[in-house]
Visitor: 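Could you have a look at this structure, given as structure tokens, before my questions?
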Amino acid sequence: MASSEQIILIGAGNVGFHMGQALTKAGLKIHQVFSRSETKALRLASTINCSYSTSFEQISDEASVYILAVTDQAIPKVAKALASRLKGKKPLVVHTSGATPATVLEPCFERYGVFYPLQTFSVEQPVDFQKIPLLVFANRSADLEWLQQAGALITPLIYHIDDQQRKVLHIAAVMVNNFTNLLYSQAERLSKQHDFPFELLQPLIRETVQKIERHSPADMQTGPAIRGDEATINSHLDFLEKNYPDLKELYQLMTQLIRDTKN
Ligand SMILES: NC(=O)c1ccc[n+]([C@@H]2O[C@H](COP(=O)([O-])OP(=O)(O)OC[C@H]3O[C@@H](n4cnc5c(N)ncnc54)[C@H](OP(=O)(O)O)[C@@H]3O)[C@@H](O)[C@H]2O)c1
């Protein structure tokens, strides 16, 4: 039974905060939360009604699963500190990163894996885990089974993928999330400087997203680049060169990529 294992959550930032709540709500037992910051540890521990610690020496060595929801850069260091705390014990240790291979945990633990929720998280923004894909991996099949069972308690969207697949998936996630958001913020910049409301663009943004729920994005491309409308493209480039030289290069590259998909 997935719900009978004692879990310790290390990291109480954006992911730790939401994952801790989702796991608890699903009936899983978070025994303890760790954060270097007492404020963050307490914020989560009081929400999910468990103990907390702010030093590695106080982390319980009795749990069977440790979830490392710490920054990617901190994973090796935290893994090392945890391993020396858990000397002689053999729990399952997983991280929550899309960009980090599971094998980063291999030097420290016999049983390791990944429990990566594919969504953007911020503490202040509520999330519905039922709609979040969870990518799981473990180096042992029994542990993979446990991760799948535990994951299934918080979301029906469970996928088993390996390090290479997760790396490519993470690149794709950066494209659809961070890159599109950069484009939105540049459009907002234009709207502010030319005195029209950014909200004018929101129905277009929504429609674009809704369309790709039913169709391949490759088939849904519209606009001057796919139409081969050179007059409009040149007029845009001319304006950008004079007013936003930093955006001209971006516009040219995007236009070329759209043209290439046509061929
Ligand atoms: N945010 C997202 O949208 C998202 C989505 C999916 C996966 N992830 C992955 O989830 C993980 C956590 O991301 P996050 O957004 O939750 O990060 P975050 O909000 O910055 O929180 C990171 C946590 O790591 C802890 N930490 C950092 N360095 C540490 C160290 N040297 N020793 C101990 N603890 C340390 C921080 O502790 P202190 O509070 O003590 O500084 C904090 O609790 C990352 O691997 C990230 O790639 C993030």
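This structure is a prediction, so every number in the text was calculated from the model and none was measured. For the single chain, residues carry numbers from 1 onward in sequence order. When a ligand or atom number is given, it counts from 1 through the structure's own listing order.
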Visitor: Is it true that Gln186 and Tyr244 share a donor-acceptor pair across their side chains at a distance under 3.5 Å?
Guide: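 On atom types as modelled, these side chains do not qualify, holding no pair under 3.5 Å.
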Visitor: Polar contacts were defined as any N/O atom of the residue lying under 3.5 Å from an N/O atom of the ligand; does this apply to Phe34 and ligand 1?
Guide: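 Looking only at distances, the answer is no, because the N/O contact criterion of under 3.5 Å is not met.
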Visitor: Looking at atom 31 (N) of ligand 1, what's its closest protein heavy atom, distance included?
Guide: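 Heavy-atom neighbour on the protein nearest atom 31 (N) of ligand 1: Arg36 NH1, 3.4 Å.
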Visitor: Any side-chain heavy-atom pair from Leu44 and Gln21 closer than 4.5 angstrom?
Guide: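 In short, these two side chains touch, coming nearer than 4.5 Å.
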Visitor: Hey, are the side chains of Leu237 and Ile233 touching, using non-hydrogen atoms and a 4.5 Å cut-off?
Guide: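 Touching, per the 4.5 Å side-chain cut-off.
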Visitor: Could Arg259 and Glu230 be called an ion pair, given the rule that one side-chain N must be under 4.0 Å from one carboxylate O?
Guide: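 A salt bridge links Arg259 with Glu230.
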Visitor: State whether the side chain of Asn177 and the backbone N or O of Ala173 hold a donor-acceptor pair below 3.5 Å, judged by distance alone.
Guide: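 No, Asn177 side chain to Ala173 backbone: no donor-acceptor pair under 3.5 Å.
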Visitor: Let me confirm one number: the CD-OG distance from Gln221 to Ser216, rounded to the nearest 0.5 Å.
Guide: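 So the gap between those two atoms works out to 10.5 Å.
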Visitor: In this structure, does ligand 1 have an atom that sits under 4.0 Å from one of the heavy atoms of Ala12?
Guide: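 The answer is yes: ligand 1 sits under 4.0 Å from a heavy atom of Ala12.
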Visitor: Would you say ligand 1 has an N or O under 3.5 Å from any N or O of Asn14?
Guide: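 The answer is yes, given that Asn14 and ligand 1 share an N or O pair closer than 3.5 Å.
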Visitor: Tell me which protein heavy atom sits closest to atom 4 (C) of ligand 1, plus the residue, atom name and distance to 0.1 Å.
Guide: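 Ranked first by proximity to atom 4 (C) of ligand 1 is Val15 CG2, 3.5 Å.
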Visitor: Taking the side chain as every heavy atom from C-beta outward, state whether Phe115 and Leu23 have any pair of such atoms under 4.5 Å apart.
Guide: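 Heavy-atom side-chain distance check passes, below 4.5 Å.
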Visitor: Start with the C-alpha distance between Glu38 and Thr54, add both sets of side-chain angles, then the distance that settles side chain to side chain donor-acceptor pair (under 3.5 Å), and finish with yes or no.
Guide: CA-CA 6 Å; Glu38 179 150 24; Thr54 54; 5.6 Å; no
Visitor: So which bit of Lys40 gets within less than 4.0 Å of ligand 1, heavy atoms only: side chain, backbone, both or neither?
Guide: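 Side chain only.
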Visitor: Any heavy-atom pair between the side chains of Val123 and Arg43 that's under 4.5 Å?
Guide: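 Counting from C-beta outward, Arg43 and Val123 do come under 4.5 Å.
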Visitor: So, applying side chain to side chain contact (heavy atoms under 4.5 Å, CB included) with Val15, which one of Leu68, Thr96, Val127 is it?
Guide: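 Of Leu68, Thr96, Val127, side chain to side chain contact (heavy atoms under 4.5 Å, CB included) with Val15 is met by Thr96 alone.
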Visitor: Starting from atom 47 (O) of ligand 1, find the nearest protein heavy-atom neighbour and note its residue, name and distance.
Guide: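 Answer, as residue, atom name and distance: Asp72 OD1, 2.7 Å.
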Visitor: Using a 6.0 Å cut-off, check whether atom CE of Met254 has over 12 heavy atoms from anything other than its own residue.
Guide: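 Atom CE in Met254 is not crowded, with 12 or fewer foreign heavy atoms closer than 6.0 Å.
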Visitor: Please could you name the atoms of ligand 1 that Thr71 approaches to less than 4.0 Å, counting only its heavy atoms?
Guide: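 Taking each heavy atom of Thr71 in turn, ligand 1 has 20 (O), 22 (C), 24 (O), 27 (C), 28 (N) under 4.0 Å.
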Visitor: Short N/O distance, under 3.5 Å, between Ile75 and ligand 1?
Guide: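 No: no nitrogen or oxygen of Ile75 is under 3.5 Å from one in ligand 1.
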Visitor: How far is atom 23 (C) of ligand 1 from its nearest protein heavy atom, and which residue and atom name does that atom have?
Guide: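 Ranked first by proximity to atom 23 (C) of ligand 1 is Ala69 O, 3.6 Å.
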Visitor: Starting from atom 10 (O) of ligand 1, find the nearest protein heavy-atom neighbour and note its residue, name and distance.
Guide: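 Here the closest protein heavy atom is Thr96 OG1, 3.0 Å.
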Visitor: Any idea which atoms of ligand 1 are less than 4.0 Å away from a heavy-atom of Ser35?
Guide: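 Taking each heavy atom of Ser35 in turn, ligand 1 has 38 (P), 39 (O), 40 (O) under 4.0 Å.
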Visitor: Which heavy atom of the protein is the closest neighbour of atom 3 (O) of ligand 1, given with residue, atom name and distance?
Guide: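 Scanning the protein heavy atoms, the shortest distance from atom 3 (O) of ligand 1 goes to Phe121 N, 2.8 Å.
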Visitor: So, do Phe34 and Val78 sit near enough that their side-chain heavy atoms are less than 4.5 Å apart?
Guide: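 No. Closest side-chain heavy atoms not under 4.5 Å.
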Visitor: At a non-hydrogen distance cut-off of under 4.0 Å, which region of Ser97 contacts ligand 1 (side chain, backbone, both, or neither)?
Guide: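 Near ligand 1, Ser97 shows its backbone as well as its side chain.
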Visitor: Which residue and atom name correspond to the protein heavy atom nearest atom 32 (N) of ligand 1, and how close is it?
Guide: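 Here the nearest protein heavy atom works out to Val78 CG2, 3.4 Å.
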Visitor: Which ligand 1 atoms are under 4.0 Å away from a heavy-atom of Tyr116?
Guide: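 Result: 6 (C), 7 (C).
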Visitor: Please confirm whether Val70 comes within less than 3.5 Å of ligand 1 when only nitrogen or oxygen atoms on both sides are compared.
Guide: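 Right, the criterion is met.
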Visitor: Mark up the atoms of ligand 1 that fall under 4.0 Å of a heavy atom belonging to Pro117, in ascending order.
Guide: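 Here the atoms of ligand 1 in question are 6 (C).
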Visitor: At under 4.0 Å between heavy atoms, which part of Gln119 makes contact with ligand 1: side chain, backbone, both or neither?
Guide: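 Backbone only; the side chain of Gln119 stays clear of ligand 1.
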Visitor: As a quick check of understanding, evaluate ring-ring contact (aromatic ring centres under 6.0 Å, His included) for Phe121 and Phe129, giving each step before the final call.
Guide: CA-CA 11 Å; Phe121 293 90; Phe129 251 90; 5.7 Å; yes
Visitor: Quick one: nearest non-hydrogen protein atom to atom 42 (C) of ligand 1, plus distance?
Guide: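 Residue, atom and distance for the closest contact: Gly13 N, 4.1 Å.
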Visitor: Between Gly98 and ligand 1, does any nitrogen or oxygen pair lie at a separation below 3.5 Å?
Guide: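 Gly98 vs ligand 1: no N/O contact under 3.5 Å.
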Visitor: Quick one: which ligand 1 atoms are inside 4.0 Å of a heavy atom on Gly11?
Guide: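 Numbered from 1, ligand 1 contributes 43 (O).
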Visitor: Anything under 30° is parallel, anything over 60° is perpendicular, the rest tilted; go ahead and classify His170 against Tyr116.
Guide: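 If you compare the ring of His170 with that of Tyr116, the planes turn out perpendicular.
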Visitor: Taking 4.0 Å as the limit for heavy-atom contacts, which would you say applies to Phe17 with ligand 1: side chain only, backbone only, both, or neither?
Guide: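 It is neither part, as no heavy atom is under 4.0 Å.
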